[in-house]
There are 2 protein chains.
Amino acid sequence: MKKMKQAEAVEPKRTRLSPDQRRQDFIRKATELFSEEGFDGGTRELARKLGVTQPLLYRYFPSKEELIREVYRTVYIDRWKDSWDDLLADRSRPIRVRLEEFYRDYTNTIFTREWMRIYLFSGLKGFDLNRWYVGMIQDRILARIVEEYRHEAGLPAQSPPAPAELELAWVLHSGIFYYGIRKYIYESPVLEDKERVIANALDVFLEGISRVFGTAVKVRAAYGRPTAGAVSR
Amino acid sequence: MKKMKQAEAVEPKRTRLSPDQRRQDFIRKATELFSEEGFDGGTRELARKLGVTQPLLYRYFPSKEELIREVYRTVYIDRWKDSWDDLLADRSRPIRVRLEEFYRDYTNTIFTREWMRIYLFSGLKGFDLNRWYVGMIQDRILARIVEEYRHEAGLPAQSPPAPAELELAWVLHSGIFYYGIRKYIYESPVLEDKERVIANALDVFLEGISRVFGTAVKVRAAYGRPTAGAVSR
DNA sequence: CTAGAATTTTATCATATGATAATTATAAGT
DNA sequence: ACTTATAATTATCATATGATAAAATTCTAG
């Protein structure tokens, strides 16, 4: 008796999916895997998570490297909202309100274990992606914040903003960002009321720069070049 | 003729070192290697850097895991300065001066590619070390900053500081810390004048909280527990 | 219902990894 | 100079990895 003819739902051994579907499944599960294990997560474990065999991966991606690239794309680029531009530039509302709404939405978007971990993993790998992302933040978020602040405070427009001003905006942004790292990477206890943390940070920042801007903040040095061999290894 | 008897300094094939010396060499080179490659850096490459063979490692460390622990110890614990306690608590000097000096020294200590990268690698590995370190920062640096600020501002002493106050100090601290990440991890261009960046951040922070402290900052929620399974995997 | 294209599997390779046992060479003590 | 303890080596194992080729199964068009 080789086979017990139990009245089981005869699930086919192979689940055959459309190339598009399968490809997306790979990317989705790879995102899960890589966010936990890093990019050294094995292709076999990935296949196991999908319920398929390992060589199948190579029908959809020429190499693991390519799969990683795709994971990047979906995690970063696809989650970036162009609407943030307009939100921050909407001068019909006070900047305080705009900033609060932006950071609420922004942190809701990126404060996940997946996003945070993959971001750091990729940063450590030295891929260009992080430099690109940092550039995006600086050009499309921080520069705009500085600009909008200057406008609301009645200061002369200055474009592009002075490096020292951008660095100040970085302090605010990083302060909020690192809250996510403490919570989702280190899993340290944090004050759970995120909105409150953001609100306080904004209060201090806006109150603070109103005293410092245009006076203490001088352009003391130009932006430097990348510190070492800039491109990935 | 098997050997050319050139008048070479006959360097012995094996360099025999004292156990202590060799052990320290392993740790030092491992720090270099792991900071670049992550903890998946191979034991063979490590041996190559030392000019010895790979199995030798296992005379000094029972496992690679143990070696990693030692690397942690030297990088973090050994670089922590107890003098920071006194520096921050020295009420004969204004807090602005103390903070500037502290952050100058602190960033000089940790703003290196090695320190920063190993810190993030270990954070992603989920080791307790980062939670421990974050606790150190909070208890011995940030709590003290809040305390000292309250004292200088003539506010009533409050011990321990309210969570929301600590979170505000975290924003400042993280803002400065992330400058290092941008520079040494992402290798993005930054405003090279670090002292200026710190000075501006402190100005904004101190000006800002003078408006916000004791009024807007209320204790709205208690510190939460770690978000997920807290211990390393 | 059958043929054929396409998806998925099985089998396998080459290489790299952490770790152990047995052997060899070095430096110190007498 | 000879012995001896031990630092360092060679040889090797078991396992895991990314990747490829060929065989097998599934779905669909006609």
Side-chain angles (χ1 to χ4, degrees), chain A residues 2-3 8-31 33-34 36-72 121 125 127 232-233, chain B residues 2-3 8-31 33-34 36-72 121 125 127 232-233:
Chain A
K2 261 180 148 181
K3 281 188 180 180
E8 290 180 11
V10 209
E11 44 186 76
K13 306 172 181 173
R14 302 185 176 187
T15 322
R16 201 185 168 105
L17 295 182
S18 77
D20 225 55
Q21 180 69 44
R22 186 65 87 191
R23 190 183 155 83
Q24 287 196 341
D25 283 1
F26 264 116
I27 295 173
R28 185 148 27 82
K29 291 288 183 187
T31 305
L33 177 68
F34 292 156
E36 287 304 319
E37 310 285 336
F39 298 114
D40 298 316
T43 55
R44 280 171 180 80
E45 189 170 347
L46 172 57
R48 201 183 45 71
K49 281 167 73 89
L50 278 159
V52 299
T53 54
Q54 178 254 354
L56 186 58
L57 169 66
Y58 293 91
R59 267 195 83 83
Y60 294 92
F61 303 89
S63 70
K64 189 183 171 185
E65 191 74 16
E66 273 312 305
L67 172 61
I68 292 175
R69 299 268 176 217
E70 282 311 302
V71 168
Y72 284 152
F121 274 125
K125 280 280 182 194
F127 287 116
S232 54
R233 18 188 15 258
Chain B
K2 260 178 144 182
K3 284 187 179 179
E8 289 178 11
V10 207
E11 44 186 79
K13 305 171 179 171
R14 302 183 178 187
T15 323
R16 201 183 167 107
L17 294 183
S18 78
D20 225 56
Q21 179 68 44
R22 186 65 85 190
R23 189 182 157 85
Q24 287 196 342
D25 283 1
F26 264 115
I27 296 174
R28 185 147 28 82
K29 291 288 182 186
T31 305
L33 177 68
F34 292 156
E36 288 304 318
E37 312 284 336
F39 298 115
D40 298 316
T43 55
R44 280 171 179 78
E45 188 168 350
L46 172 57
R48 202 183 45 71
K49 282 167 73 88
L50 278 158
V52 299
T53 54
Q54 179 255 354
L56 186 59
L57 168 65
Y58 294 91
R59 267 192 84 83
Y60 296 92
F61 303 89
S63 70
K64 189 184 172 183
E65 192 74 15
E66 272 312 304
L67 172 61
I68 291 174
R69 298 272 176 212
E70 282 310 302
V71 168
Y72 284 152
F121 274 124
K125 279 280 181 192
F127 286 115
S232 57
R233 16 186 18 255

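Quantities reported herein were computed from a predicted structural model and do not represent experimental measurements. Throughout, a chain's letter reflects where its sequence line sits, starting with A, and its residues are numbered from 1.
- Between A:Arg59 and C:dT7 there is a side-chain N or O to OP1 or OP2 distance below 4.0 Å.
- Checked against the 6.0 Å centroid criterion, the rings of B:Phe127 and B:Tyr72 qualify as a close aromatic pair.
- One atom, CG of A:Leu46, and another, P of D:dA19, lie 12 Å apart when rounded to the nearest Å.
- Of the candidate nucleotides D:dA8, C:dA11, C:dT8, C:dT8 has the atom nearest to the side chain of A:Leu56.
- Judged by atom type and distance alone, B:Arg16 reaches the base of D:dT6 through a side-chain donor-acceptor pair under 3.5 Å.
- Going from atom CZ of B:Arg44 over to atom P of C:dT15 covers 14 Å, rounded to whole Å.
- Within the 4.0 angstrom heavy-atom criterion, no nucleotide atom of any strand lies near B:Ser18.
- Nearest to the side chain of B:Tyr60, among C:dG18, C:dT10, D:dA7, sits D:dA7.
- The nearest pair of heavy atoms linking A:Glu66 to A:Pro62 is CG-CG, 3.5 Å.
- Ranked by how close their nearest DNA chain C nucleotide is to the 5' end, B:Thr43 and A:Val52 are led by A:Val52.
- Side-chain nitrogen and oxygen atoms of B:Thr53 include none within less than 4.0 Å of the OP1 or OP2 phosphate oxygen of D:dA8.
- Atom pair B:Glu45:CD and C:dA16:C1' shows a separation of 12 Å (rounding to whole Å applied).
- Taking atom CZ on B:Arg48 and atom P on C:dA16, their separation rounds to 13 Å, with Å as the unit.
- Across all strands shown, B:Pro55 has heavy atoms under 4.0 Å from base atoms, whether or not it also approaches the sugar-phosphate.
- Note: CZ (B:Phe26) to C1' (D:dA7) measures 11 Å, nearest angstrom.
- Across all their heavy atoms, B:Leu33 and B:Gly42 have their closest contact at CD2-O, 3.5 Å.
- One atom, CD of B:Gln54, and another, C1' of C:dA16, lie 11 Å apart when rounded to the nearest Å.
- If you check every strand for non-hydrogen atoms under 4.0 Å, B:Leu17 touches sugar and phosphate atoms only.
- Distance A:Gln21 CD to C:dT8 P: 11 Å, rounded to the nearest Å.
- Within the structure, every side-chain polar atom (N or O) of A:Tyr58 is placed at least 4.0 Å from both OP1 and OP2 of C:dT8.
- Using a 30° and 60° split on the angle between ring planes, B:Tyr60 and B:Phe26 fall in the tilted class, from 30° to 60°.
- In the set C:dT8, C:dA25, C:dT10, the nucleotide with an atom closest to the side chain of B:Arg14 is C:dA25.
- The two atoms that bring B:Thr43 and B:Leu57 nearest to each other are CG2-CD2, 3.5 Å, heavy atoms only.
- Summarising the geometry, the separation between CD on B:Glu37 and P on C:dG18 is reported as 12 Å, rounded to the nearest angstrom.
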